[in-house]
Each structure stands twice: as structure tokens, then as C-alpha cells.
Undergrad: 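Quick one: structure below, then a few questions.
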2 protein chains.
Amino acid sequence: MRHATDLRSVTTREALLDCAERLFVEHGHAATSLRDITREAHANLAAVNYHFGGKEALIQAVLKRRLASLNSERLAALDALESQAGDQALKPSQIVDAFFGTLLRQAASPTNEGGRFLTLLERTMTDPASFVRTVFADEYAGVLERFKRALFRALPDVPREEILWRFHFMLGATSFAIAGSNTLRLVMGWEDLGQDAPSTASQHGTTVETERLLERLMSFLLGGLRAPLPQPAA
Amino acid sequence: MRHATDLRSVTTREALLDCAERLFVEHGHAATSLRDITREAHANLAAVNYHFGGKEALIQAVLKRRLASLNSERLAALDALESQAGDQALKPSQIVDAFFGTLLRQAASPTNEGGRFLTLLERTMTDPASFVRTVFADEYAGVLERFKRALFRALPDVPREEILWRFHFMLGATSFAIAGSNTLRLVMGWEDLGQDAPSTASQHGTTVETERLLERLMSFLLGGLRAPLPQPAA
DNA sequence: GTCTATATGTGGATAGAC
DNA sequence: GTCTATCCACATATAGAC
């Protein structure tokens with residue numbers, strides 16, 4: 001089931017990225033040593049320092065690789081929608097799908113296994129280390145700006161502050177959608193799979209399952225987004 | 001602004017718990033050493049081992065203290081509602097409030113500062129370490145069972161699996177509601193407050209703000225919970 | 001219960017040969 | 001680019017005096 005050389009990763013550099021990512025997801029970056037990573041990648045201990053300059057830089061590279069890919073795809077999706085809509089405002093459901101649907105579909109792509117990527121993303125969002133937050137902020141700033149504008153246009157009669165909050169809530173719901181290693185099992189009533197159980201979603205992480213999850217999540221998100229306002233006259 | 005002895009915490013044991021909790025929230029438990037904790041608590045390095053038996057046990061104690069308090073209050077709220085409703089099913093909004101409202105209100109209590117407790121909870125939910133998951137599972141198992149049953153009764157025509165997913169989504173949205181240290185700033189367009197910014201919510205974490213947040217969150221959650229089903233005939 | 005001193009381990013990083 | 005050997009900082013934990 002695991003024989004380390006893993007998969008593609010022709011160069012040492014790539015092997016390090018791949019192995020580091022997997023180990024970070026499984027144990028967190030704080031609990032993963034460079035020795036763990038280089039052993040798994042069949043590389044030398046000094047390789048990380050040579051290729052990346054240090055552990056922090058490796059972590060940042062792992063995150064950047066995924067976030068950049070995700071966000072450029074998101075922007076592409078939004079671009080397509082907007083050019084197709086001409087000068088009309090998009091529907092909220094389109095925007096939500098471009099943002100969250102892209103995420104889930106990319107998480108289900110064969111490049112990732114199960115919800116690994118989502119777990120990584122979820123941790124990144126809440127990581128206390130500043131060098132992690134930096135990457136996150138850099139990679140997200142532009143995308144969020146674009147999507148916020150789109151949502152403002154799509155929901156002209158909802159106060160902007162309210163939209164921002166709901167966008168934030170949607171992020172949280174999505175974050176838990178697949179990745180919630182702990183809660184998902186508990187809520188669903190599944191048994192704990194022992195000490196170091198792998199990402200929950202990978203258990204049945206076929207494309208079909210992801211498709212169903214996406215449908216579930218989308219209707220929840222849209223329900224929340226379009227819910228009646230707390231107090232109409234703010 | 002900080003002079004360590006902190007607050008109540010008459011005994012060394014309590015001081016250790018308080019300081020550990022704060023440092024865990026700020027830097028994560030992996031990045032927090034016993035030296036940091038004992039220094040902050042004006043206690044001796046050996047004190048942690050004496051009072052708790054080791055670092056892991058201290059972490060578990062920190063989590064248990066909060067989770068036990070939160071969940072007993074949740075159960076009390078549900079008990080009150082149910083005994084008041086007699087043999088009638090509760091309204092979804094009542095159940096959601098007993099679960100998530102209790103959380104937010106407790107997070108806003110003077111015992112905690114701002115969203116500190118929510119950050120702790122959020123991290124606990126997604127922590128990869130097994131000794132953290134254990135505590136979480138133990139403390140949550142009973143409560144979740146009760147609330148699931150209540151929701152099943154309240155929404156008899158919604159498939160149970162769907163309810164469970166939506167409950168899970170709600171957990172995610174709530175988790176991000178205050179605690180999302182990173183995303184919140186980004187989504188809202190606030191500037192980063194520098195290297196080690198404190199919990200975002202504590203910036204304006206008055207009771208009034210929490211009340212408004214609770215209203216926002218509740219309407220979002222209920223909107224999502226009662227959203228039209230993805231495919232009526234599953 | 002509290003403290004000092006210390007045992008023992010592990011981590012990240014680097015110098016320098018190949 | 002890769003490897004070995006090693007340095008050094010820092011972590012947890014404990015033994016034993018007070």
C-alpha cells in the first residue's frame with residue numbers, strides 16, 4: 001500500500017514536495033521532521049536545505065503549489081462566467097460554484113487522493129505560524145477581491161458587510177465539508193479508525209461521492225447565502 | 001498590557017492551565033514549550049510534570065476543561081427545551097440555538113477573551129495528533145447523539161444522512177464564525193496586524209458584537225439547514 | 001509542592017568531500 | 001546535486017535536595 005517513491009516526482013525536488021505534503025497532512029508540519037520527509041522521499045537529509053533553503057521555505061513551497069493552482073482555476077472560472085454574461089450580473093449560484101465548486105472538484109482530481117488537499121487547505125487557514133499565514137494571504141488576496149466584487153454585484157440589495165460574513169461562513173462550511181477529520185466521523189457516527197487514520201474522505205473518495213457532496217454542499221451554501229437577513233433595517 | 005500572573009488562578013495548577021491555553025491558542029501546542037508555559041505562569045519547569053504528568057496530559061486537561069463545560073451547558077439547554085415542549089418535537093431553530101448559540105455565548109463570556117476559546121475548539125477539531133482527537137471524541141460523543149436525535153425528530157421529512165451533513169456544515173461555518181484568524185481578515189479586507197496578531201474577534205469582542213454575530217450566524221445556519229434538498233427523490 | 005541540576009533525546013542546519 | 005559527519009540549540013522528563 002505504500003512504498004515511498006510514491007508516484008510521479010521525477011526530480012528530487014518534486015519528490016520532496018510530494019512527500020512533505022502527505023506527511024504534513026497526516027501529522028501536521030510541526031510534528032514532521034526533515035528526517036521523516038527525506039527518508040520517505042529517498043533523498044538525503046541535506047536535500048531540503050539545498051533545494052529550498054530550510055524547513056519553513058519547504059512548507060511554503062508545498063502550500064504555494066496547491067494554492068496557486070487552485071486560485072488560478074477559480075479566476076479562470078469566474079472569467080469565463082463573466083465574459084459569457086456580458087455586462088449582466090452573475091447569479092449567486094454561479095459565483096459560489098466558481099469558488100467552492102472549483103475547490104471541491106480540484107480536491108477530487110486524481111492528482112490528489114481523497115480530501116488530502118482540503119485537509120491541507122483547512123489547516124493552512126487556521127495555522128498560527130506567521131510564515132504560513134503570509135503565504136495564504138498572498139495567494140488569496142487577489143481572488144477574494146474579485147469574488148467579493150462579483151457577489152456585491154449579484155446581491156445588490158444585501159448589505160455588503162452581511163455578504164462578507166456569509167462568504168466567511170461558507171468558507172467554514174466548505175472547509176469542514178470533506179476535510180473535517182474528526183467531526184465528520186463523530187457526526188456521522190462512524191467508528192474511529194484507530195490511531196492514525198487517514199483522511200476520512202479518501203475512504204470512499206470516488207468522483208461519484210464528490211459529486212454528491214458537491215450537490216449537498218451547494219444547496220446548503222446557497223440556502224445560507226440567501227437566508228432572510230437578521231434585521232432588515234440595519 | 002500583560003503581566004503574566006494573569007487573572008484568577010489561585011493555584012499553580014490553574015495558572016498552568018490558563019497560561020497553557022492562551023499560548024496554545026496563540027502559537028499552537030506543538031510550538032509551545034513547557035518552558036514557555038511555566039515561565040508565563042511563574043511556575044517551575046518541573047511543575048507541569050508534577051501536576052499533570054507530562055505535556056500531552058496538560059494539553060488534554062486544557063481541552064477537557066473547556067469542552068466539558070461547553071457540552072454540559074449544551075445538554076442543559078436541550079433538556080430545558082425538551083421538558084418545556086413536552087412530547088412535541090422542537091423547532092430546528094431552537095435546537096440550533098441550543099448547540100451553536102450556547103457555543104457563541106460561552107465564547108463571549110468574560111471567562112474567555114474574545115474568540116480565544118473558539119480558536120482552541122477549531123484547532124482541536126482538526127488536530128492531527130491522536131491524543132487530541134481522543135479527548136475530542138470522548139467529550140463530544142454523548143452530546144452529538146442527543147442533538148442528532150433532536151434534529152431527526154424536528155425534521156422528519158429530511159433524509160437523515162442529509163441532516164448529518166448539514167449539521168457538519170454548520171459546525172464548519174460556526175467554527176469560522178469568530179475564530180478564523182486568517183480568512184476573516186482577508187475576506188473583510190482588513191489589514192494584517194503584523195506578525196503575531198491576536199484573535200481577530202477580540203478586537204471588538206464586546207457582548208454587543210457577539211450578539212450581532214450570533215444573529216448573523218443563526219440566520220445563515222437556518223437558511224442552510226432548511227435549504228431545498230439537492231435531489232428530492234434520492 | 002517547589003526548586004535545581006541534569007539526563008537524554010531530537011530537531012534544523014551546515015561544512016566540506018565526492 | 002548528493003552525501004557524511006557533526007555542531008548546536010532546545011525539548012521533555014526526572015532525580016533528589018529543600
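Within every chain, numbering begins at 1; the chains are lettered A, B, ... in the order of the sequence lines, protein sequences first and strands thereafter.
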Undergrad: Of the nucleotides D:dG1, D:dT14, C:dA15, which has the atom closest to the A:Y50 side chain?
TA: D:dG1
Undergrad: For C:dG1, does either OP1 or OP2 sit under 4.0 Å from a side-chain N or O belonging to B:T12?
TA: no
Undergrad: Is the shortest distance from a Lys or Arg side-chain nitrogen in A:E145 or A:K148 to a carboxylate oxygen in the other one below 4.0 Å?
TA: yes
Undergrad: Heavy atoms from C-beta onward define the side chain here; which of C:dT4, D:dG1, D:dA13 lies closest to that of B:K55?
TA: D:dA13
Undergrad: When you check the gap from the basic side-chain N to the acidic O, do B:R65 and B:E14 get nearer than 4.0 Å?
TA: no
Undergrad: Name the closest nucleotide to the A:N49 side chain, picking from C:dT2, D:dA13, C:dT14.
TA: C:dT14
Undergrad: Return the 5'-most residue of the pair A:L45, B:T32 with respect to DNA chain D, ranking by each residue's nearest nucleotide.
TA: A:L45
Undergrad: Using atom CG of A:N44 as one end and atom P of D:dT2 as the other, report the distance to the nearest whole Å.
TA: 9 Å
Undergrad: Rounded to whole angstroms, how far apart are CD1 on A:I37 and P on C:dG12?
TA: 8 Å
Undergrad: Regarding B:E21 and B:R66, does a basic nitrogen lie under 4.0 Å from an acidic carboxylate oxygen?
TA: yes
Undergrad: Can you tell me the distance, in whole Å, between the CG atom of A:D36 and the P atom of C:dT10?
TA: 11 Å
Undergrad: Would you mind reading off the distance between B:E14 atom CD and C:dG1 atom C1', rounded to a whole angstrom?
TA: 15 Å
Undergrad: Is any side-chain nitrogen or oxygen of B:S33 closer than 4.0 Å to OP1 or OP2 of D:dC10?
TA: no
Undergrad: I'd like to know whether the aromatic ring centres of B:F147 and B:F167 sit less than 6.0 Å apart in this structure.
TA: no
Undergrad: Find the distance B:H27:NE2 to D:dA11:C1' and express it as a whole number of Å.
TA: 17 Å
Undergrad: So that I can tick it off, tell me whether B:D36 and B:R22 are bridged by a salt bridge, with the cut-off set at under 4.0 angstrom between side-chain N and carboxylate O.
TA: no
Undergrad: Counting side-chain heavy atoms from C-beta on, which of D:dT2, C:dT2, C:dA13 comes nearest to A:L34?
TA: C:dA13
Undergrad: A:A177 and A:L217: which non-hydrogen atoms are nearest, and at how many Å?
TA: CB-CD2, 4.1 Å
Undergrad: Rounded to the nearest Å, what distance is computed from the CZ atom of residue A:F52 to the P atom of nucleotide C:dA13?
TA: 13 Å
Undergrad: Does a side-chain heavy-atom distance below 4.5 Å link B:K55 with B:V48?
TA: no
Undergrad: Figure out the CG/P separation between A:L58 and C:dA13, and round it to whole Å.
TA: 10 Å
Undergrad: Using whole Å, report how far CG of A:L16 lies from C1' of D:dT2.
TA: 12 Å
Undergrad: Mind grabbing the angle between the end helix axes of the helix from C:dG1-D:dC18 to C:dC18-D:dG1? Five pairs an end, 10° rounding.
TA: 0°
Undergrad: Between C:dG12, C:dG1, D:dC3, which nucleotide gets closest to the side-chain atoms of A:R35?
TA: C:dG12
